[in-house]
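No hydrogens, no waters, no symmetry mates; every other heavy atom, side chains included, goes into these values.
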Amino acid sequence: MLAFGRRLATARHTDLQAIPEELHSKILHELGGGDLLTCQKVCHLWKNIVENTSSLQYKIGLASAGMKDGPPGRSSTRERSALLRKYQETWSSANGVSHRTLSIPPNSRVVEVIGDAFVYVVEEQGYQPVFYLCQLASFFTGVPEKTWKVDVRDHFESHEDIASYAVDVAQDLVVVTMLQENEFPECYLLSLSEGGAPHPLAKRRRLVGNSNLCFPIDSGFQDEIAIVGDLLEWTVFGLDTQMHVFNWKTGM
């Protein structure tokens, strides 16, 4: 029985080696970084393929850094790997760590970080809200510090009317939602660079709860909103949790 088991193990090992190396590589490219680390321990063949393939090493590097690859671009895998190594070395050495003190007005009601922007809401002229968004400078990407003032007083009388908001600096977009008791939910699509004016690419500057969000808002309701490219995911939590996905440019 022991001899048979050894022959079976040898046969399986031989069958694995009989597969063309290109097919092994294709299979390994379908795996994530964590699985690739495990595969390195299976056999010498897989270990050699993983260690000598830059694209597979890049996957492992992303996984160890807790990151995901960005969309396809002009940068090659080798160039992206170099940037990833530079990023990891910078954090390991802490050479890129800097301190920046921001002066926040004492009448600020909301202070938080959304994406790459630091957001706070200031009450001006009789409790009317004004958004301030500060994009901090990045020593790694070379992005300079920039601040926007988004005046939402035409839409909201008080900061208490603001339910939630989301920011996409790359698309010059800030989305602010309003939930009021016994009213339908509303969502405003505003421009950062225009100081809170309706976004020029949005066909409808305001989205109102339709058949998928068609219930009056009662006390205690909350919502969450997220921007993903041209799509806007809006979820309202209450007695019944309901989600809708809009194309914020078309309003559909």
Q: Mind jotting down which residue pairs meet the salt bridge (Lys or Arg N to Asp or Glu O under 4.0 Å) criterion with at least one end in residues 23-46? Sequence neighbours excluded, please.
A: none

Q | Residues which pass side chain to side chain contact (heavy atoms under 4.5 Å, CB included) with Thr177, listed by chain and number, not counting sequence neighbours | A | Ala163, Ser164, Cys187, Asp223, Ile225, Trp234

**Q.** From CG (Leu62) to OG (Ser81), nearest 0.5 Å
**A.** 7.5 Å

Q | Interatomic distance, Leu28 atom CG to Leu23 atom CG [nearest 0.5 angstrom] | A | 9.5 Å

Q: Supply the atom-to-atom distance Leu56 CG to Gln40 CD, rounded to the nearest 0.5 angstrom.
A: 9.0 Å

Q: Output all residues satisfying side chain to side chain contact (heavy atoms under 4.5 Å, CB included) with Arg204, sequence neighbours left out; order by chain, then residue number.
A: Leu207

Q: Can you see which heavy atom on Leu190 is nearest to which on Gly196, and at what distance?
A: CD2-O, 3.4 Å

Q) For Glu224, which residues count as a side-chain hydrogen bond (donor to acceptor under 3.5 Å, both in side chains) partner, sequence neighbours excluded? A) none

Q | Step-by-step side chain to side chain contact (heavy atoms under 4.5 Å, CB included) determination, Val152 to Tyr188 | A | CA-CA 9 Å; Val152 295; Tyr188 293 86; over 6 Å; no

**Q.** Nearest non-hydrogen partners of His199 and Leu173, listed with the distance
**A.** CD2-CD1, 3.8 Å

(Q) Using the salt bridge (Lys or Arg N to Asp or Glu O under 4.0 Å) criterion, which residues pair with Asp230? Sequence neighbours excluded. (A) Lys249

Q: Supply the atom-to-atom distance Ile49 CD1 to Cys43 SG, rounded to the nearest 0.5 angstrom.
A: 7.5 Å

Q | Contacts of Ser55 that satisfy side chain to side chain contact (heavy atoms under 4.5 Å, CB included) - sequence neighbours left out | A | His29, Thr53, Thr77

Q.
Determine whether Val130 and Lys149 satisfy the following criterion, side chain to side chain contact (heavy atoms under 4.5 Å, CB included), listing intermediate values before the conclusion.
A. CA-CA 7 Å; Val130 176; Lys149 177 181 179 181; 3.6 Å; yes

Q.
For a side chain to side chain contact (heavy atoms under 4.5 Å, CB included) check, start with the C-alpha distance between Leu189 and Leu232, then their side-chain angles and the critical distance, and finish with the verdict.
A. CA-CA 10 Å; Leu189 310 173; Leu232 190 66; 3.9 Å; yes

Q: Can you sort out the partners of Arg206 under side-chain hydrogen bond (donor to acceptor under 3.5 Å, both in side chains), two or more places apart, ordered by chain and number?
A: Glu186

Q.
Can you confirm whether Gln57 sits close enough to Val50 that some side-chain heavy atom of one is under 4.5 Å from a side-chain heavy atom of the other?
A. yes

Q | Close side-chain approach of Val150 and Val176, heavy atoms under 4.5 Å | A | no

**Q.** Separation of Ser25 OG from Leu45 CG (nearest 0.5 Å)
**A.** 10.5 Å

Q. Taking only residues two or more places apart in sequence or in another chain, which ones pass side-chain hydrogen bond (donor to acceptor under 3.5 Å, both in side chains) with Ser193?
A. Asp172, Ser191

**Q.** Residues which pass salt bridge (Lys or Arg N to Asp or Glu O under 4.0 Å) with Lys47, listed by chain and number, not counting sequence neighbours
**A.** Glu51

**Q.** Any residue meeting side-chain hydrogen bond (donor to acceptor under 3.5 Å, both in side chains) with Asp69, in chain and number order, not counting sequence neighbours
**A.** Tyr58, Arg80

Q) Can you tell me how far CD1 of Ile27 sits from CD1 of Ile19, rounded to the nearest 0.5 angstrom? A) 5.5 Å

Q. Can you list the residues that meet the side chain to side chain contact (heavy atoms under 4.5 Å, CB included) rule with Ala82, with sequence neighbours excluded?
A. Arg85

